[in-house]
Amino acid sequence: MDIDILTLFPQMFQGLFSTGIFKRAIDQKLVSISLHNIRDYTHDKHHIVDDYPYGGGAGMVLKPEPIFEAVESIKSNISSNQGGVLPIILLTPQGRLFSQEVAYELSRYSHLILICGRYEGVDERVRKHLVTDEVSIGDYVLSGGELAAMVVIDAVVRLVPGVLGSEASLLNDSHVAGLLEYPQYTRPAVYREWSVPEVLLSGNHAQITKWCREQAIRRTLERRPELLDKANLCVEERQLVDTLKKSNLPREF
Ligand code: ADE
């Protein structure tokens, strides 16, 4: 997967891409990430990227020309045999809400362009005539799209085949099956008199699978009950939810 990022602060991304799964994915050429400084696409002496909003109002607005030129330059370098849809995504609190589902959707493309907004916003012509998608990572306002882009890229890149050591670990991730993840334990079996649940030490894989599934359902009911409406549960699991609801679950925290 190729990812191009347009930003005024490329240095913000350096730490992320030089560590952990990103470094490995880039070294193994599973992912290629290119950072583009929007300022490099200006033509004036002072490399001005923003201007006052027409009609007045607080703050500055990112000018359209450098953003259009950056995207057009990236597109002109794509070889013609790499056909297919190329999403051009603006990170903005006005976008559609990012989720695991959106991460899966984006992970199916071979190329993404992400545009990080700054200041009070981006000239509306960028939204109308350049970008194909707008994404928000939550109902709060960050000082720019960079952190949001990092969140999106992290969630998407780990879904690219081969990036995570074990694809199986994806299946149990919170939100993947519409449920939160069950509690995890590792050695020691007893720590400060707190024991790992016995079933996990039993070696009985059927029992363990059943326990994990039930714990995921309990945890989801306790913390994010609205997720259960859309979760893929069998008849017995739906009955379990009903029983748990009636039994007034003790709070976990
Ligand atoms: N830029 C500023 N706030 C943002 C948000 N919540 N999501 C995406 N981009 C943003």
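Just so you know, these numbers use all the heavy atoms, side chains as well, and skip hydrogens, waters and symmetry mates. Counting starts at 1 for both ligands and their atoms, following the listed order.
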[atom]: which protein heavy atom is closest, and how many Å away?
atom                   : answer
atom 9 (N) of ligand 1 : T92 N, 3.1 Å
atom 7 (N) of ligand 1 : I137 N, 3.0 Å
atom 6 (N) of ligand 1 : Y140 O, 2.8 Å
atom 3 (N) of ligand 1 : L142 N, 3.0 Å

Other ILVMFWY residues reachable from Y191 by side-chain steps of under 4.5 Å:
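In the cluster with Y191 are W194.
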Per-pair distances, 0.1 Å, donor-acceptor, side chain in residues 57-71, under 3.5 Å, sequence neighbours excluded:
from, atom 1, to, atom 2, distance (Å)
E69, OE1, H43, NE2, 2.7
E69, OE2, H43, NE2, 3.3

Rounded to the nearest 0.5 Å, what separation is found between the CG atom of L147 and the SG atom of C116?
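One gets 9.0 Å once the value is rounded to the nearest 0.5 Å.
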Show me which atoms of ligand 1 lie under 4.0 Å from any heavy atom of [X].
X    : answer
V135 : 8 (C)
G144 : 1 (N), 2 (C)
A148 : 7 (N), 8 (C), 9 (N)

Going by heavy atoms, is P93 under 4.0 Å from ligand 1?
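Judged by the 4.0 Å heavy-atom criterion, P93 does count as contacting ligand 1.
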On the 0 to 90° scale, with breaks at 30° and 60°, tag the W211-Y185 ring pair as parallel, tilted or perpendicular.
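Taking Y185 first and then W211, their aromatic rings sit tilted (interplane angle of 30° to 60°).
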If we count only N and O atoms by modelled type, under 3.5 Å, do the side chains of H47 and D40 hold a donor and an acceptor together?
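Not at all, the side chains of H47 and D40 share no donor-acceptor pair under 3.5 Å.
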Among V151, I115, L114, I5, which residue satisfies the side-chain contact (heavy atoms from CB on, under 4.5 Å) criterion with L91?
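Filter result, single survivor: L114.
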